[in-house]
Amino acid sequence: MPNLFLMPGETLIYLLSSHAPWAAAFMGIGRDPIVLTIVLSALGWIFACVAAWALYRLAVNSIRLFNAVYLTATHRTLQGFGSLKTMITCRLRHWFPKKGANEITAHPDVQFDKIDLAVLRTAAAQGPARTLSAPELAERFGMRPAQFQLSLQKLHSSKMIDVVIGSTEGFDNYRLTDYGAAYISMYRRQHAAAA
């Protein structure tokens, strides 16, 4: 049974002796080259291990490269289909009317009466940090709190005032919003220019 470890060295010495006898004579290969066989076999196995490792790394890198190319191509293809779908959708929107476009109803502008404007002016005069309530306004103007509560709710639904935490005599407290302050300052400018 041949020795597996010495097989690469024996094969190399046989090939040198049979195909290149001048190289075998130059290297001094004689009748019993056991040391040279061991050295050549060790070098052959080392070379085989290095070659196997290089082939393994080449295979792993090739698989990674193929996977990266496949995933990139898949992503680009899906992205291209998405862009094409978006382009077609945008082009078709010009030809077909939008759903619900005829169902839009116009809301009339909110009209503020004298009580509403009095509440806004009072809130603006107090400053942005102060709150007001229906009982305070009723005491100031000599009217019922219920009339001012309706006005406060109307101004709140129009985003002119905000509800703040706390209550006065069971009525909510309110504070002027930035939108309400801008509205009342515009209202004052218009009336100052008209006068």
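Please read all numbers here as calculations on a predicted model, not as lab measurements.
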(message) Between L137 and L152, is there a side-chain heavy-atom distance shorter than 4.5 Å?
(response) yes
(message) Tell me the closest heavy-atom pair linking A138 and M143, and the distance in Å.
(response) CB-O, 3.0 Å
(message) Test your reading of the model: is there a side-chain donor-acceptor pair from S185 to the backbone of A182, 3.5 Å cut-off?
(response) yes
(message) Are the side chains of R64 and N61 in contact, using a 4.5 Å heavy-atom criterion?
(response) yes
(message) Count I, L, V, M, F, W, Y as connected when their side-chain heavy atoms are under 4.5 Å apart, and connections chain through other members. Are V50 and L55 then in the same cluster?
(response) no
(message) Using the rule that Ile, Leu, Val, Met, Phe, Trp and Tyr join whenever any side-chain heavy atoms are under 4.5 Å apart, tell me whether I63 and Y56 fall into a single cluster.
(response) no
(request) Kindly indicate whether the side chain of H75, heavy atoms from C-beta on, has any atom under 4.5 Å from the side chain of L71. (result) no
(request) Would you check if the side chain of T177 reaches a backbone N or O of K159 as a donor-acceptor pair within less than 3.5 Å? (result) yes
(request) Flag yes if more than 12 heavy atoms outside L92 fall under 6.0 Å of its CG atom; otherwise flag no. (result) yes
(request) For L132 and A123, work out which heavy atoms get closest and say how close. (result) CD2-CB, 3.3 Å
(request) With the side chain counted from C-beta on, respond yes when L155 and V119 share a heavy-atom pair under 4.5 Å apart, and no when they do not. (result) yes
(request) Output all residues satisfying side-chain contact (heavy atoms from CB on, under 4.5 Å) with L58, sequence neighbours left out; order by chain, then residue number. (result) S62
(message) Around atom CG of D113, are there more than 12 heavy atoms from other residues, nucleotides or ligands closer than 6.0 Å?
(response) yes
(message) I need the full list of side-chain hydrogen bond (donor to acceptor under 3.5 Å, both in side chains) pairs touching residues 134-153, with sequence neighbours left out, sorted by first then second residue.
(response) D116-S151, Q149-Y174
(request) Evaluate the side-chain proximity of N173 to V163: yes if any heavy-atom separation is below 4.5 Å, no if none is. (result) no
(request) Under the side chain to side chain donor-acceptor pair (under 3.5 Å) rule, collect the residues that match up with Y179, sequence neighbours excluded. (result) none
(message) Tell me every residue that passes ring pair (Phe, Tyr, Trp, His ring centres under 6.0 Å) with Y187, counting only those two or more places apart in sequence or in another chain.
(response) H191
(message) Restricting to non-hydrogen atoms, name the atom on P145 and the atom on A134 that form the minimum distance, rounded to 0.1 Å.
(response) O-CB, 3.4 Å
(request) Check whether any side-chain heavy atom of K154 lies under 4.5 Å from a side-chain heavy atom of M160, and answer yes or no. (result) no
(message) The criterion is ring pair (Phe, Tyr, Trp, His ring centres under 6.0 Å); which residues satisfy it with F141, sequence neighbours excluded?
(response) F148
(request) Mind checking the OH-CG spacing from Y70 to N67? Nearest 0.5 Å is all I need. (result) 9.0 Å
(message) Taking the side chain as everything from C-beta on, heavy atoms only, tell me whether R175 gets closer than 4.5 Å to I161.
(response) no
(request) Please name all residues satisfying ring pair (Phe, Tyr, Trp, His ring centres under 6.0 Å) with F66, sequence neighbours left out, ordered by chain then number. (result) none
(message) How long is the straight-line distance from CG of L176 back to CG of D162, given to the nearest 0.5 Å?
(response) 9.0 Å
